[in-house]
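All remarks here apply to the structure that follows.
Note on naming: letters A, B, ... go to the chains in the order of the sequence lines (proteins, then strands), and numbering restarts at 1 for each one.
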2 protein chains.
Amino acid sequence: MDDKDLQILKLVQSNARLTADALSLEVGLSPPAIQKRLRKLRDTGVIENEIAVLSPAKLGRELTVIVQVVLERENRMYLDTFKRTMRNAPQVQQCYYTTGEADFVLVMTVKNIKEYEEFTQEYFFDQSNVSRFTTSVVMDRVKVSLDIL
Amino acid sequence: MDDKDLQILKLVQSNARLTADALSLEVGLSPPAIQKRLRKLRDTGVIENEIAVLSPAKLGRELTVIVQVVLERENRMYLDTFKRTMRNAPQVQQCYYTTGEADFVLVMTVKNIKEYEEFTQEYFFDQSNVSRFTTSVVMDRVKVSLDIL
DNA sequence: GGTGAAAACCCCGTCTG
DNA sequence: CAGACGGGGTTTTCACC
């Protein structure tokens with residue numbers, strides 16, 4: 001992991017379609033050298049995966065909400081159950097287990113408020129372990145990235 | 001936008017490296033047909049971009065925090081200034097302008113609590129428009145994706 | 001890490017249902 | 001109009017230096 005690797009990572013974290021050829025011009029290595037580094041970065045898990053970012057608006061998921069969830073009982077089994085449920089819920093983009101007021105913070109995308117209401121019915125009310133939750137409706141997705149460099 | 005497109009999107013949103021050949025087997029179209037659809041999905045903005053997801057842990061960004069920010073004055077100019085600042089701050093992965101208690105919700109990744117403290121000094125205290133903010137430290141990144149299908 | 005050849009993949013015509 | 005085939009060009013891959 002040297003400076004060249006960091007340069008490559010900075011570029012591909014916002015555009016994974018850059019060819020080894022294009023990268024080689026920026027970084028100053030031959031295309032095969034770039035490929036070797038990319039392979040290593042993938043194998044070692046520095047690059048976790050490469051994904052297509054879809055437009056929520058163009059796919060009818062106009063509504064983004066942020067939810068803070070407080071659980072009723074906070075023991076290992078209940079925590080794991082809740083985590084597993086969130087991982088399997090397609091409406092839940094992100095789920096964080098946090099310190100502070102809430103136990104979990106969720107970032108969700110849904111078609112409309114009705115779909116969100118149905119989600120809360122299914123996951124927060126019916127025989128669940130959720131004590132209370134507060135909902136914030138997103139008016140502007142000011143910045144949405146996974147960049148870390 | 002038919003069912004075939006949706007199938008393609010579902011696959012590439014979690015793995016953008018799938019070749020047209022591999023996709024053709026799943027979807028039941030010829031590789032050129034897949035490519036034509038992919039091109040259209042990119043051109044129309046349904047696929048916004050393709051990115052490499054990096055491991056925060058392996059790059060020394062061990063700490064994720066979620067911050068709720070309340071502004072002092074909430075007029076157009078102050079809002080736009082705050083949004084622009086967040087977009088340009090590399091520590092801020094995501095920034096949402098929301099209804100509810102907080103004006104903004106941030107998802108941030110930092111090296112350690114010291115870097116976060118410095119960030120708050122620079123962006124929240126020094127001559128800023130921030131009234132107050134509450135910090136939640138992430139103990140488990142249960143689910144972090146941008147999947148919407 | 002660089003070089004060069006082979007393989008795989010992508011993209012563009014054209015054709016067909 | 002959307003999909004299937006076939007070419008040529010690009011990109012990736014791999015052996016070797």
Query raised in the report: Does a side-chain heavy-atom distance below 4.5 Å link A/Arg87 with B/Lys143?
Result: yes

Requested in this report: Would you please test A/Asp3 and A/Lys10 for salt bridge (charged side-chain N to carboxylate O under 4.0 Å, His left out) and show each step?
Outcome: CA-CA 11 Å; A/Asp3 186 58; A/Lys10 266 181 210 167; over 6 Å; no

Query raised in the report: Out of D/dG3, D/dT11, D/dC14, which nucleotide sits closest to the side chain of B/Leu29?
Result: D/dG3

Query raised in the report: For A/Asp21 and D/dG9, what is the distance between atoms CG and C1' respectively, to the nearest whole Å?
Result: 13 Å

Query raised in the report: Could you state the CZ-P distance from A/Arg39 to D/dA15, rounded to the nearest angstrom?
Result: 10 Å

**Report entry** Short side-chain to backbone donor-acceptor contact, A/Gln13 and A/Leu146, under 3.5 Å
**Finding:** no

Query raised in the report: Taking any atom under 4.0 angstrom from a heavy atom of chain A, which nucleotides of DNA chain C are the first and last to qualify, 5' to 3'?
Result: C/dG1 to C/dG4

Report task. Take atom CD of B/Gln35 and atom P of D/dT10, then tell me their distance rounded to the nearest Å. Result -> 16 Å

Report task. Output all residues satisfying side chain to side chain contact (heavy atoms under 4.5 Å, CB included) with B/Arg73, sequence neighbours left out; order by chain, then residue number. Result -> B/Tyr78, B/Asn129

**Report entry** Residue pair A/Asp80, A/Arg84: steps toward the salt bridge (charged side-chain N to carboxylate O under 4.0 Å, His left out) verdict
**Finding:** CA-CA 6 Å; A/Asp80 287 347; A/Arg84 194 166 350 100; over 6 Å; no

Query raised in the report: After noting the C-alpha distance and the side-chain angles of A/Phe104 and A/Phe82, does the key distance pass the ring pair (Phe, Tyr, Trp, His ring centres under 6.0 Å) rule?
Result: CA-CA 9 Å; A/Phe104 290 93; A/Phe82 186 81; 4.5 Å; yes

Report task. In whole angstrom, give the distance that lies between atom CD1 of A/Ile34 and atom P of D/dT11. Result -> 14 Å

Query raised in the report: Any side-chain heavy atom of B/Thr98 sitting closer than 4.5 Å to one from A/Met139?
Result: no

Requested in this report: Give a yes or no on whether the backbone of A/Gln93 and the side-chain of B/Ser145 come within a donor-acceptor separation of less than 3.5 Å.
Outcome: yes

Requested in this report: Assign each of B/Lys4 and B/Arg17 to its nearest nucleotide of DNA chain D by heavy atoms, then name whichever residue's nucleotide is nearer the 5' end.
Outcome: B/Lys4

Report task. Using whole Å, report how far CG of B/Asp3 lies from P of D/dA2. Result -> 16 Å

Query raised in the report: Hey, what do you get for NZ (A/Lys40) to CD1 (A/Ile8), rounding to the nearest 0.5 Å?
Result: 12.0 Å

Requested in this report: Would you mind telling me which residue lines up with the more 5' stretch of DNA chain D, A/Lys36 or A/Leu18, judged by nearest nucleotide?
Outcome: A/Leu18

Query - Bend angle of the helix from C/dG1-D/dC17 to C/dG17-D/dC1, end axes from five pairs each (to 10°) - result: 30°

Report summary line: Against the side chain of B/Lys40, the closest entry in D/dA4, D/dT12, D/dA2 is D/dA2

Report summary line: From CG of B/Leu38 across to P of D/dA2 the rounded distance in Å is 15 Å

